[in-house]
Amino acid sequence: METPYYYLTLIGFIATFIGTLGGGGGLINLPSMLLLGVPIHTAIASNKFSNSFSSFTSFYTIWKKKQVNLKLGLSIVPFTITGGITGALLASFLTEEILLKVALGLLVIATILNIVKSKIKRNDNNDTPSSLFYPTYIGIGAFDGLFGPGQATLLMHSFLTAGHSFLTSIGLTRLQTFASCFVSFIVYFSMGYFDWKVGVALGIGSFLGAQTAIKLANRLAFLPWQKILSAFSIFLIVYLFLKII
């Protein structure tokens with residue numbers, strides 16, 4: 001398979017830039033990799049690899065700005081890790097044909113979730129956030145380990161509706177994304193599904209996209225990122241579906 005790796009770097013940048021600000025960047029990079037001919041297990045593994053780096057670095061940047069409650073974030077991590085491992089193990093034992101069909105269905109669901117999320121109001125005030133239901137993050141982590149796109153949307157939804165600020169919600173989301181992506185990547189890697197060339201090319205773009213998004217987050221937060229992401233993902237899903245059939 002001859003893959004234009006510079007396309008993967010560009011895809012990683014665009015997807016992570018939009019995904020960091022609006023959640024759900026995998027709605028762009030996963031179907032894009034499939035359209036380029038990357039096998040689905042390899043595409044998911046590469047997505048986990050790149051997201052591990054981009055999510056941790058963007059979380060660290062926000063944490064340095066003292067916009068994240070590290071104790072709260074770490075208290076959720078064990079639940080996220082449990083889910084991530086479970087989802088990745090399930091995906092690893094599915095055939096490529098079955099996983100591709102599952103992925104197409106989940107892409108549609110994830111896009112709908114992203115559209116629904118765009119209707120949720122942000123909370124940028126200093127009101128005391130409500131408590132979180134921790135077992136929820138096992139399910140979200142499993143969703144990320146099995147597939148990925150839409151996971152950040154679910155996380156952002158949970159933190160925003162609990163009363164956390166926009167930037168804090170991004171930080172908490174990026175920490176949980178790092179946790180589930182890292183452990184699920186280990187599973188995919190151990191199963192032999194990871195392609196270093198694909199992963200590194202995507203990872204470079206994702207790192208640059210995440211850092212750029214964090215630096216511009218406050219100035220660009222007013223833009224309809226969920227709608228932009230939804231438009232991208234709907235186009236890619238339809239195009240991918242037509243190509244497969």
Are the side chain of Thr82 and the backbone N or O of Pro78 linked by a donor-acceptor pair below 3.5 Å? yes
Crowded around Phe182 CZ? As in, over 12 foreign heavy atoms under 6.0 Å? no
Is any side-chain heavy atom of Thr80 closer than 4.5 Å to one of Ile140? no
Does atom NZ (Lys65) have a neighbourhood of more than 12 heavy atoms from anything else shown, all under 6.0 Å? yes
Using side-chain hydrogen bond (donor to acceptor under 3.5 Å, both in side chains), reason through Ser32 and Tyr7 one step at a time and then give a plain yes or no. CA-CA 9 Å; Ser32 296; Tyr7 283 169; over 6 Å; no
Value for CZ (Phe159) from NE2 (His164), rounded to nearest 0.5 Å, stands at 7.0 Å
Show the numbers, then the answer: is there a side chain to side chain contact (heavy atoms under 4.5 Å, CB included) between Phe17 and Leu216? CA-CA 10 Å; Phe17 179 84; Leu216 300 177; 4.2 Å; yes
Kindly compute the distance separating CD1 (Ile62) from CG (Leu167), expressed to the nearest 0.5 Å. 4.5 Å
If I compare all heavy atoms of Leu34 with all of Ala43, which pair ends up nearest, and what's the gap? CD2-CB, 4.2 Å
Smallest separation among heavy atoms of Ser50 and Leu202, with atom names: OG-CD2, 3.4 Å
When you compare the side chain of Ile44 with that of Leu146, does any pair of heavy atoms fall below 4.5 Å? no
Between the side chain of Gln176 and the main-chain N/O of Gly73, is any donor-acceptor distance below 3.5 Å? yes
Please work out which of the three classes, parallel, tilted or perpendicular, describes the rings of Tyr60 and Trp63, given edges at 30° and 60°. tilted
Test your reading of the model: is there a side-chain donor-acceptor pair from Thr168 to the backbone of Ser165, 3.5 Å cut-off? no
Give a yes or no on whether the backbone of Met191 and the side-chain of His41 come within a donor-acceptor separation of less than 3.5 Å. no
Which residue pairs satisfy the side-chain hydrogen bond (donor to acceptor under 3.5 Å, both in side chains) criterion with at least one member in residues 182-192, sequence neighbours excluded? none
Output for pair (Tyr6 OH, Ile204 CD1), nearest 0.5 Å, gives 15.0 Å
What are the two closest non-hydrogen atoms of Asp144 and Cys181, and how far apart are they? OD2-SG, 3.5 Å
Between Lys48 (side chain only) and Val187 (backbone N and O only), is there a donor and an acceptor less than 3.5 Å apart? no
Flag the pair Ser158 / Tyr137 as yes when at least one side-chain heavy-atom distance between them is below 4.5 Å, and no otherwise. yes
Can you classify the ring geometry of Phe189 versus Phe185 as parallel (below 30°), tilted (30 to 60°) or perpendicular (above 60°)? tilted
With the side chain counted from C-beta on, respond yes when Tyr134 and Ser75 share a heavy-atom pair under 4.5 Å apart, and no when they do not. yes
Once you round to the nearest 0.5 Å, how far does CZ of Phe178 lie from CZ of Phe59? 9.5 Å
What's the separation between atom CD1 in Ile14 and atom OG1 in Thr9, rounded to the nearest 0.5 Å? 11.0 Å
Do Leu175 and Ile76 come within less than 4.5 Å of each other through their side chains, counting heavy atoms only? no
So do the side chains of Phe13 and Thr212 get within less than 4.5 Å of each other, counting heavy atoms only? yes
Please tell me whether Ser46 and Tyr193 have a donor and an acceptor in their side chains that are separated by less than 3.5 angstrom. no
Within this structure, what is the CG-OG distance for the pair Asn29 and Ser206, rounded to the nearest 0.5 Å? 6.0 Å
Less than 4.5 Å apart, side chain to side chain, heavy atoms only: is that true for Tyr5 and Lys197? yes
Is it true that Phe93 and Leu90 fall in one hydrophobic cluster, defined by side-chain heavy atoms closer than 4.5 Å? yes
